[in-house]
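Please see the structure below; I have some questions.
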Amino acid sequence: MRSLARNPSYLQVTPLALVILLFLLFPVITILVVSFWDFNAYQLIPDFIFDNYSFLLTSEVTLKAYLKTFFYAFTTWAITLSLGFTLAYYLAFYIRSPLLQGVLFVLCTVPFLTSNIIRMISWIPLLGRNGMVNSTLLETGLIDAPLEWLLYSDFAVVLAFVHLYALFMVVPIFNSMMRIDRNLIEASIDAGASALQTVFQVVVPLCKSGIAIGSIFVVTLVMGDFITVRLMSGGLSASVGVLIHNEISLLQYPAAAAGAVVLLLTVMLMLSVLFRFINIKKEL
Amino acid sequence: MNKGSVELVGVVKRYGDNLAVSEINLAIAGGSYCCLLGPSGCGKSTTLRMIAGHEAVSEGDILLNNRNVTDLPPRKRGTAMMFQNYALFPHLSSLDNVAFSLKIAGVDKARRRARALEMLQLVNMESYADAFPEQLSGGQQQRVALARALINQPEVILLDEPLSALDPFLRTRMRAELKRIQQQLGITFIHVTHSQEEAFALADSVVVMNNGSIEQIDNPQGIFRTPRTAFVAGFIGGHNILEGRLTADGLQISDDRTLTLPASPHAPANIEQVQVSLRCDHIRVSPSPFDAAQPLPLQVESVEYQGSYVHVRTRAEDGLQLSIHQPDTEYLQAPLHPGDQAYVGWRPDDLNPLQQPGPRV
């Protein structure tokens, strides 16, 4: 107690430590423990078995789900990155008036005023078999039969992901672009660089941290998602999240927990690779 | 004119309805050191940026080596710019910063690094080749920025307030360094500054600007000894500006006081109100009357010891105010105190007639 009085910093970190302990460490440890339990159709049986993992890691369904999830994550990441970078670049370097910049930036966040689900569902009347896109294309005679791949397909899933998460890419990239000294752009032009060379030699390297933070958001969100995949693929494809969700619906908690642990490790592995390339701490 | 000459012909810059630079005509000899001097917002930086090609010219032409470069991009002009805060790329080492333009031009790695190292040697920074800008001090960053500007062998280097971010001691040292490099390479330096001290120390020719136009172009001595307008005299400091009516006897300041003017060919004629400048250090001041003294004494308002001189502010009842730089030896012989009567005097030649701002006659 005396040492506590002398060194109040321990006291000062207590609230945060408690929050992390209670809301992060405790649930994760619970999941880890439960993932080794046994179960049958009616109950959970405390145990220490590796069946959940051995089933998970040898199942072809898991492999397929992971491949699908990686595909979604990568495609969404690539599209949101190019979209987010372009948008942020336009906002940061082409809009001169700070007021207009602010207004446009807020405009980017407007979709977030409604819930995820509503934003996803609103695609359905647009993309459906008899939706607006198909009927317009049919009427103008561009196609003879409705396009089947518009809805309940990988296309629809990625589209919804991009719609949901593009802003998570725009914001951090915009933020790091605003911190670039405008003289650097002129210095680059003074050195003879074209606009494109300036973007790739100066702007991109200086936005690395923003790109990294945006990538973390998008990749982790997509990796853990189940509702978008389920809704937009019409249940035709399964991501890792969908598998876990299915197991929870069947009350197979230990199996779901094992799935969650493996997913957590996968995402952490991906992030550690990312951190190896970019020093995020430096930029915050 | 020799290599690296710059000429501005009727150059105008407008931002909407605002006139930032109004019809500037300026010729800078190749291989000379030219300083654009003026207060902030006088259009000196805009002028520099137009020469660099970072700002479009609204009207007029810019000639480099008698070649019209008005519409060329920066790199095609043969100029290189050194930015105010150096604008070094934070993600590149010193060496790569210097080599940047060669990388853009597609020079292979070994060649551009060798060349960049040469440039770093020129500014004594070769031992910091691998350091990143954030690891360098202001003075070191500036050397790297200079090396980066020099690597393409430009004919003209444009410097935008290059010394303003440095502390006073370093500023004087870098100033000497800039002059050394300019003389060693023999290229034209155009240097924007708001410090007359800097301009006087460096420039072969000083261009004093105000409100988007040029007030005076001359060498430093010319600027200081014969400022052309009241603005120039006021901006460079060390001058009194006296205003009065021109009469047959000279300059009438008040009913009781008329100052004898020099018989100068360019003394303004037929102008009622005229201004003259009088150098603070050319006024003799004494507590007792002397030969060439003005008959009416002034009252000492304040006395500040400045080291080599003493700054004496005086005022007369008729409104005449004079700042005087008295040599400290004279001061120590007969010190003046606030409230004392002071007799002042100068040679008529020391009165320098000023012109109204505007185009030169």
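Convention: sequence-line order gives letters A, B, ...; per-chain numbering from 1.
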I'd like to know whether CZ of Phe132(B) has more than 12 heavy-atom contacts from other residues, nucleotides or ligands below 6.0 angstrom.
yes
Taking atom OH of Tyr15(B) as the centre, does the number of heavy atoms from other residues, nucleotides or ligands within less than 6.0 Å exceed 12?
yes
Sort by residue number and list every member of residues 99-108 of chain B having a non-hydrogen atom under 4.5 Å from chain A.
Phe100(B), Ser101(B), Lys103(B), Ile104(B)
Using heavy atoms and a sub-4.5 Å threshold, report which of residues 81-95 of chain B line up against chain A, by residue number.
Met81(B), Phe83(B), Ala87(B), Leu88(B), Phe89(B), Pro90(B), His91(B)
Just wondering, are more than 12 heavy atoms of other shown residues or ligands nearer than 6.0 Å to CZ in Arg96(A)?
no
Nearest atoms (heavy-atom pairs only) where His54(B) meets Asp190(A):
NE2-OD1, 2.9 Å
Would you find more than 12 non-hydrogen atoms of other residues, nucleotides or ligands less than 6.0 Å from Arg182(A) atom CZ?
yes
Taking all non-hydrogen atoms of both residues into account, name the closest pair between Ala187(A) and Arg148(B) and its distance.
CB-NH2, 3.7 Å
